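Here's the structure we're looking at; comments come further down.
Since the structure is predicted, the reported quantities are computational estimates derived from the model, not experimental observations. Sequence lines set the chain letters: A, B, ... in the order given, protein chains first and strands last, and positions in each chain run from 1.
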Number of protein chains: 2
Amino acid sequence: MSISDFLITLVPFTPDELNDILSHFKKESVAKNQILVRQGDVCKFLYFIEHGMGRSYYLNENGKEITQWFFGVGKFMTSADSFFQQSPSLYYLEVLQDSLVYSISKEDIDQLFAKYHQMEKLGRLVTTEMLTKIVNKLNAIQFQTAKERYDYMLAEFPDIAHQVPLGHIASYLGMTQETLSRIRK
Amino acid sequence: MSISDFLITLVPFTPDELNDILSHFKKESVAKNQILVRQGDVCKFLYFIEHGMGRSYYLNENGKEITQWFFGVGKFMTSADSFFQQSPSLYYLEVLQDSLVYSISKEDIDQLFAKYHQMEKLGRLVTTEMLTKIVNKLNAIQFQTAKERYDYMLAEFPDIAHQVPLGHIASYLGMTQETLSRIRK
DNA sequence: CCATTTTTTTGATATAGGTCAAAGGAAGCC
DNA sequence: GGCTTCCTTTGACCTATATCAAAAAAATGG
């Protein structure tokens, strides 16, 4: 899904608005395993994934990587709190496959928010969707067995679930990789 | 905190805008234990809590109440997904103490979103704040021990933690009330 | 295509927190 | 102010999942 298709399905931008908005996004190819943001850095960009996938993760007290979220095709990827507050990121942002993304800076998106009422609406809708998805994850994590949590993963990220290392998924689901391996049988 | 104080700390509304916006909120007294929305109903209103507190909860497969969120003074309370999508609510919304709230309907708030660019921004900011808070809860639930989860509760809801039945808090934190009772000692 | 590294699976054992049952306390109500 | 209902604590036992260790399988790179 292209970024302009994505935008117009959510909000009825005029062609002029759409062109102006798109002109602030920069197309980038990013190689597999590239780190876009490090824990402690300020996240400078918001990325739209046209092709590929990524994840956010952090290092826990034992230095283990804990996946916090997966980002697939047609989604915005960023370290949300860091990007919007321009505060140090709690997470790494990593690209998991060679990807094609469109990036926009905080200043540019703020300008667009201020310039276009409809852009502000887009921001609200995208944030609301994310909120709903996080609530779903929370319910899965909080009250479901390991098996059910894996089913949630398959439903939420069907395209991603079979393309990333099992350890990434296990930490995302709050279980060990041994447990996930046993479940998958 | 009054609703108008709350609004202007987030977004610089003009006095006229503020008056118009406030005129769409209706002041209501709600008695303790009153249910504002039932699971399965469409949530018709968004509530701002000027005084009091509430929670959202659902009934799990065994018919047990599972608290999903607490809402304190100076917060918006609603069944977010149901209200914004006008879909059946997954949650009950219950007032936990005699409360003073300001309510606004979906149609009215949509009208305000459409009318005022700044109102749309308010919506985005409030949603973003909620998103951040849910991520915090998720991290507490997913990776912390029962003891640490209770500490998170005390930090996130200091005013609420000591005023509601222990069972509500236990289910919110994803543990049994027996476990929470043992921890509290 | 072999060597090395990474990822996944399997097995044995440990434990945090759950479940079930029941007793104490506290609070609302006539 | 006693009755009833609700809320909290305590005890005994159990289970899902973690931890630790190591083998097997798959992927990567020169």
### Query
Roughly, in whole Å, what's the span from NE2 in B:His168 to P in D:dC6?
12 Å
### Message
Just the rounded figure in Å: distance from P of C:dT9 to CD1 of A:Ile169.
### Response
11 Å
### Query
Do A:Lys137 and A:Tyr172 meet the cation-pi criteria used here (NZ or CZ under 6.0 Å from the six-membered ring centre, within 45° of the axis)?
yes
### B:Arg182 vs A:Lys64, nearer the 5' end of DNA chain D by closest nucleotide
B:Arg182
### Query
For D:dT10, does OP1 or OP2 lie under 4.0 Å from any side-chain N or O of B:Lys185?
yes
## Note on the structure
Quick note, B:Gln177 side chain, CB onward, closest among C:dG17, D:dT8, C:dT9 is D:dT8
### Interatomic distance, A:His162 NE2 vs C:dT8 C1' [rounded to whole Å]
15 Å
### Message
If you only use heavy atoms from C-beta on, which nucleotide in D:dT10, C:dT10, C:dT8 is closest to the side chain of B:Glu178?
### Response
D:dT10
### Test: A:Arg55 and A:Glu94 ion pair at under 4.0 Å
yes
### Query
To the nearest Å, how far apart are A:Glu65 CD and C:dT6 P?
11 Å
### Query
Heavy-atom count around A:Arg38 CZ within 6.0 Å, excluding the residue itself: above 12?
no
### Task
Return the value, rounded to whole Å, for the distance between atom CD of B:Gln142 and atom P of C:dG17.
15 Å
### Query
Is the shortest side-chain N to carboxylate O distance from A:Lys75 to A:Glu129 below 4.0 Å?
yes
### Spacing between B:Leu173 atom CG and C:dG17 atom C1', to the nearest angstrom
14 Å
### Query
For D:dA18, does OP1 or OP2 lie under 4.0 Å from any side-chain N or O of A:Thr179?
yes
### Query
Considering only D:dT9, D:dT17, C:dT8, which nucleotide approaches the side chain of B:Arg184 most closely?
D:dT9
### Query
For B:Tyr150 and C:dG17, what is the distance between atoms OH and P respectively, to the nearest whole Å?
16 Å
### Query
Taking atom P of D:dT17 as reference, at what distance in whole Å does atom CD1 of A:Ile183 sit?
7 Å
### Message
Would you call the rings of B:His117 and A:His117 parallel, tilted or perpendicular, taking 30° and 60° as the class edges?
### Response
parallel
### Message
Both B:Lys32 and B:Met175 contact DNA chain C. Taking the nearest nucleotide for each, which residue is further toward the 5' end?
### Response
B:Met175
#### Entry: Under-4.0 Å side-chain N/O to phosphate OP1/OP2 contact, A:Ser181 with C:dT9
yes
